[in-house]
Amino acid sequence: MALRFHNTLTQRLEEFAPADGKTVRMYTCGPTVYSYVHIGNFRTFAFQDILRRTLRARGFLLDHVMNITDVEDKIIRNAMERGLSIQDYTKGYTEAFFQDSATLRLEKAERVVFATEHIPEMVEAVAKLGSSGHTYESDGSTYFRIASFPGYGKLSHTNLGGNVAGARVDVDEYEKDDARDFVLWKGQKTGEPAWDAPMGAGRPGWHIECSVMAMMYLGQTLDIHTGGVDLVFPHHENEIAQSESLTGKPFVRYWLHAEHLMVEGKKMSKSLGNFYTLRDILDRGYAPEAIRFLLTATPYRKQLNFTFDGLDAARSAIERLRSFRWRLLNEKLPAGDNIAMNERAGKAIADFDSSLDDDLNTADALAAVFEFVRDANTAMDAGEFRESNRHAAVELLTSFDEIFKVLEPTAAEGGASDAEIEELVAERNRAKKAKDFGRADSIRKQLLDLGIVLEDSREGTRWKRK
RNA sequence: GGCGCGGUAGCCAAGUGGUAAGGCAGAGGUCUGCAAAACCUUUAUGCGCCGGUUCAACUCCGGCCCGCGCCUCCA
């Protein structure tokens, strides 16, 4: 079955292939670095990571651009309050974002681009929109006139010509012809950082930033553009209006949007204050893999309610997979081959792949893996899993972990070294052999206090960090 | 009000017009110096509610109720 994605533009499941058949050109709206991003933001970035890895597993090359918005109202306000340049203010948050992403094992986009490094191109785009009659100036700022773009609303499927009764549109705050017109270029106010431009000193609006950088690196029509659902309107709608007004060509072939991470039934957000940063959760002793698993195990188009119970469940689920892998790699197995078992593994891999092909159905993909783990464990217990079956099973785990990336534990900082632990385990095994169980138990206890759990088996003692 | 997503076991969560995946948690059992791990059994006569179509619907159609999101910066 072919790879299929739900396209927000058409509201349908569509077969996907890059326009050139080989390289997927995709753009992701990255963070605005005015503070730490929270794990709700990371839900979307984790989805993009699953997307990247799946595309590559299908043999495509990637040219993925992620922007960093490093000039914006909150950044300017906070930087000015602290007497810092916007560069100095954003630097730490940008680095923290990269660090947190790496901690969650998110691949870095092929190109990470900064808004402040593309101002001339944005100025040029605004000027070009002006010369083609899409803009107007008001109070020093330049606005995009929505009425000049007939397709406006096609992504969010809203008819903006009608009334907006009930919507909280505060018209008074703006000097715009139409409440939905949006700013392309913000005129400088006293003391604010600004760049020179034909339309007056100022700074770019958020929307033009993404259009310009996306098309500059990826061409006039992108294969994929992703973000959270809250960006559908107005951000992505505005990107379409600007971009297509500039080029006359479709801006994006496939729009993919991730649903929100919820907390106690509400969207996790800075403004509600109900958010956790990655650091908050790591401080509570959870491993990054558990967080990654939780964020990715629920398909991206479904709202995901974040709970610590959910994190506990994720931790246990990963542990089950790791235990199976340990057994697969270490247990002595009867010689030979069990053809049925190889076929079983092959079916699991096929199911895993086709689930991901189906709009990245991670929950279904995981089910294929866990079902195989149960069957393989059962076969091992019965002596029906043979030496030569290892290969196919390892292949499944490899396919799985190329996407989910949770099997390798994150190395603990500090604490006992592997060598020290091995020594204690060896000593305990000597004590066990001598039937000195008191000594053996005290070593078990000692290691447990260090966060090390022991599991005895016929093949020896396995240890793992809690 | 408009647009969108969703309501499946204690929790999380797949799914199909033909009789409910998977994970976590719980209970009982096997194994075990201890402890784990693993395995087995067990936990939804029912998939928000009401109608309709059908031999058959959780799955299709109609209506309704509820939750969430967007419509303002926002992943």
Side-chain angles (χ1 to χ4, degrees), chain A residues 8 11 28-32 34 37-48 72-74 153 156-160 162-170 173-174 179-180 206 226-235 237 257-262 265-272 293-294 297-299 301-305 307 309-324 326-327 331 351 355 358 361-371 373-374 376-382 432 435-438 440-441 444-445 448 453-458 461-462 464:
Chain A
T8 308
Q11 298 177 299
T28 288
C29 292
T32 300
Y34 70 95
V37 304
H38 57 65
I39 57 163
N41 301 311
F42 275 120
R43 198 259 170 118
T44 298
F45 298 130
F47 141 66
Q48 286 153 5
E72 172 265 359
D73 291 356
K74 285 190 279 288
S156 51
H157 305 98
T158 47
N159 175 10
L160 293 160
N163 68 28
V164 284
R168 292 169 294 151
V169 177
D170 185 359
E173 210 176 301
Y174 307 98
R180 272 93 58 196
W206 179 38
T226 70
V229 285
D230 50 354
L231 298 190
V232 173
F233 188 90
H235 184 51
E237 198 73 71
H257 290 99
E259 262 295 350
H260 287 308
L261 188 72
M262 317 293 286
K266 297 280 181 202
K267 170 184 170 184
M268 180 176 285
S269 73
K270 293 272 173 65
S271 52
L272 288 174
F293 189 93
L294 181 68
T298 298
R301 290 211 301 128
K302 181 153 179 164
Q303 289 175 349
L304 166 60
N305 196 31
T307 62
D309 283 349
L311 267 181
D312 290 336
R315 174 163 59 190
S316 299
I318 292 170
E319 196 45 54
R320 177 170 168 80
L321 297 172
R322 287 179 180 167
S323 293
F324 173 69
W326 189 89
R327 194 178 185 194
E331 191 157 311
D351 288 348
S355 296
D358 182 17
N361 189 337
T362 48
D364 208 32
L366 285 171
V369 174
F370 280 105
E371 281 181 85
V373 168
R374 184 197 58 218
N377 270 320
T378 302
M380 284 184 193
D381 286 354
K432 272 174 59 179
K435 302 266 191 247
D436 183 358
F437 294 122
D441 287 349
R444 174 191 285 288
K445 175 80 167 52
L448 188 61
V453 176
L454 302 184
E455 291 173 14
D456 293 329
S457 75
R458 281 192 207 91
T461 302
R462 174 194 179 201
K464 61 191 182 190

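Chain identifiers are assigned alphabetically (A, B, ...) following the order of the sequence lines, protein sequences preceding nucleic acid strands; residue numbering begins at 1 within each chain. Keep in mind the model is a prediction, meaning the values are calculated, not measured.
- For the pair A/Arg374 and B/C39, the criterion of a side-chain N or O lying under 4.0 Å from OP1 or OP2 is not met.
- Under the Watson-Crick and G-U wobble criteria, each requiring two contacts below 3.5 Å, nucleotide B/A27 is paired to B/U41.
- Within the 3.5 Å criterion, the main-chain N or O of A/Asn361 finds no donor-acceptor partner in the side chain of A/Asp358.
- Below the 3.5 angstrom threshold, one finds no donor paired with an acceptor across the side chain of A/Ser323 and the base of B/A37.
- When distances are taken from the side chain of A/Ala440 to each of B/A14, B/G33, B/A75, the shortest belongs to B/G33.
- Taking atom C1' on both nucleotides, B/C58 is separated from B/U16 by 9 Å, rounded to a whole Å.
- Aromatic stacking of A/Phe437 on B/G33: satisfied, with centres closer than 5.5 Å and planes within an angle under 30 degrees.
- When the C1' atom of B/C39 is taken as reference, atom CZ of A/Arg320 falls 10 Å away, rounded to whole Å.
- Listed candidates were B/A13, B/C3, B/A75. Nearest to the side chain of A/His260 is B/A75.
- Ranking B/C3, B/G15, B/A36 by closeness to the A/Thr158 side chain, first place goes to B/C3.
- To the nearest whole angstrom, the two C1' atoms, one in B/C61 and one in B/C68, are 26 Å apart.
- Residue A/Ser316 places at least one side-chain N or O closer than 4.0 Å to OP1 or OP2 of B/A25.
- When Watson-Crick and G-U wobble pairs are counted only if both distances are under 3.5 Å, B/C34 pairs with no nucleotide at all.
- A 3.5 Å limit on both hydrogen-bonding distances identifies no Watson-Crick or G-U partner for B/A20.
- At the heavy-atom level, A/Leu261 lies under 4.0 Å from base atoms of the strands shown.
- Applying the 3.5 Å distance criterion, the base of B/A75 shares no donor-acceptor pair with the side chain of A/Arg43.
- If you take NZ of A/Lys266 and C1' of B/C68, they are 8 Å apart, rounded to a whole angstrom.
- Taking only side-chain nitrogens and oxygens, A/Gln11 comes nearer than 4.0 Å to OP1 or OP2 of B/G4.
- Residue contacts for A/Thr298: at a heavy-atom cut-off of 4.0 Å it reaches the sugar-phosphate backbone alone, with no base atom in range.
- Not a single donor-acceptor pair under 3.5 Å links the side chain of A/Asn41 to the backbone N or O of A/Val37.
- Pairing of B/U53, defined by two Watson-Crick or G-U wobble distances under 3.5 Å, is not identified with any nucleotide.
- Here the separation of B/C47 from B/G7, taken at their P atoms, is 14 Å to the nearest Å.
- Within the nucleic acid shown, A/Lys432 comes within 4.0 Å of at least one base atom, counting heavy atoms only.
- The side chain of A/Arg180 places no N or O atom within less than 4.0 Å of a non-bridging phosphate oxygen (OP1 or OP2) of B/G2.
- Among the atoms of the strands shown, base atoms are found under 4.0 Å from some heavy atom of A/Ala363.
- Between the P atom of B/C24 and the CZ atom of A/Phe293 lies a distance of 9 Å, rounded to the nearest Å.
- In this structure, of B/A75, B/A21, B/G23, it is B/G23 that holds the atom nearest to the side chain of A/Phe370.
- Using a 4.0 Å heavy-atom criterion, one finds that A/Glu319 contacts no nucleic acid atom at all.
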Derivation of the salt bridge (charged side-chain N to carboxylate O under 4.0 Å, His left out) call for A/Glu319 and A/Arg462: CA-CA 13 Å; A/Glu319 196 45 54; A/Arg462 174 194 179 201; 3.4 Å; yes
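- Backbone-only engagement by A/Met262 is indicated by non-hydrogen atom pairs under 4.0 Å involving sugar-phosphate atoms exclusively.
- The phosphate of B/C70 has OP1 or OP2 within less than 4.0 Å of a side-chain N or O from A/Lys267.
- Between B/A14 and A/Lys302, a contact under 4.0 Å exists linking OP1 or OP2 to a side-chain N or O.
- Distance from the side chain of A/Asn361 is smallest for B/G15 among the nucleotides B/A38, B/G15, B/C5.
- Using a 4.0 Å heavy-atom criterion, one finds that A/Glu371 contacts the sugar-phosphate atoms exclusively.
- Nucleotides B/A13 and B/A27, compared at atom P, are 24 Å apart to the nearest Å.
- The phosphate of B/C71 (OP1 or OP2) has no side-chain N or O of A/Ser156 nearer than 4.0 angstrom.
- At least one side-chain heavy atom of A/Pro31 sits under 4.5 Å from a side-chain heavy atom of A/Phe45.
- When the C1' atom is compared between B/G6 and B/U45, the two are found 26 Å apart, to the nearest whole Å.
- The side chain of A/Asp456 sits closest to B/C34 out of B/C34, B/C39, B/C70.
- Atoms CG (A/Asp309) and P (B/G26) sit 12 Å apart, rounded to a whole Å.
- Neither side chain, A/Thr32 nor A/Glu72, offers a donor N or O lying under 3.5 Å from an acceptor on the other.
- A donor-acceptor pair under 3.5 Å is formed between the side chain of A/Glu237 and the backbone N or O of A/Gly153.
- Nucleic acid contact class of A/Leu294 (heavy atoms, under 4.0 Å, all strands): none.
- Here A/Gly227 lies in heavy-atom contact (under 4.0 Å) with sugar-phosphate atoms only.
- For A/Asp441 against B/G33, a side-chain-to-base donor-acceptor contact under 3.5 Å is present.
- Here, B/A14 and B/G33 have their P atoms 43 Å apart, quoted to the whole Å.
- Residue contacts for A/Pro299: at a heavy-atom cut-off of 4.0 Å it reaches the sugar-phosphate backbone alone, with no base atom in range.
- Between B/U8 and B/G15, the distance separating the two P atoms is 14 Å to the nearest Å.
- Not a single donor-acceptor pair under 3.5 Å links the side chain of A/Thr461 to the backbone N or O of A/Ser457.
- Across all strands shown, A/Ala313 has heavy atoms under 4.0 Å from sugar-phosphate atoms exclusively, and none from any base.
- The residue A/His38 sits close to a base: some heavy atom pair falls under 4.0 Å.
- Between B/A38, B/C34, B/G67, one nucleotide has an atom nearer to the side chain of A/Arg327 than all others, and that is B/A38.
- For the P atoms, the distance from B/U41 to B/G46 is 24 Å, rounded to whole Å.
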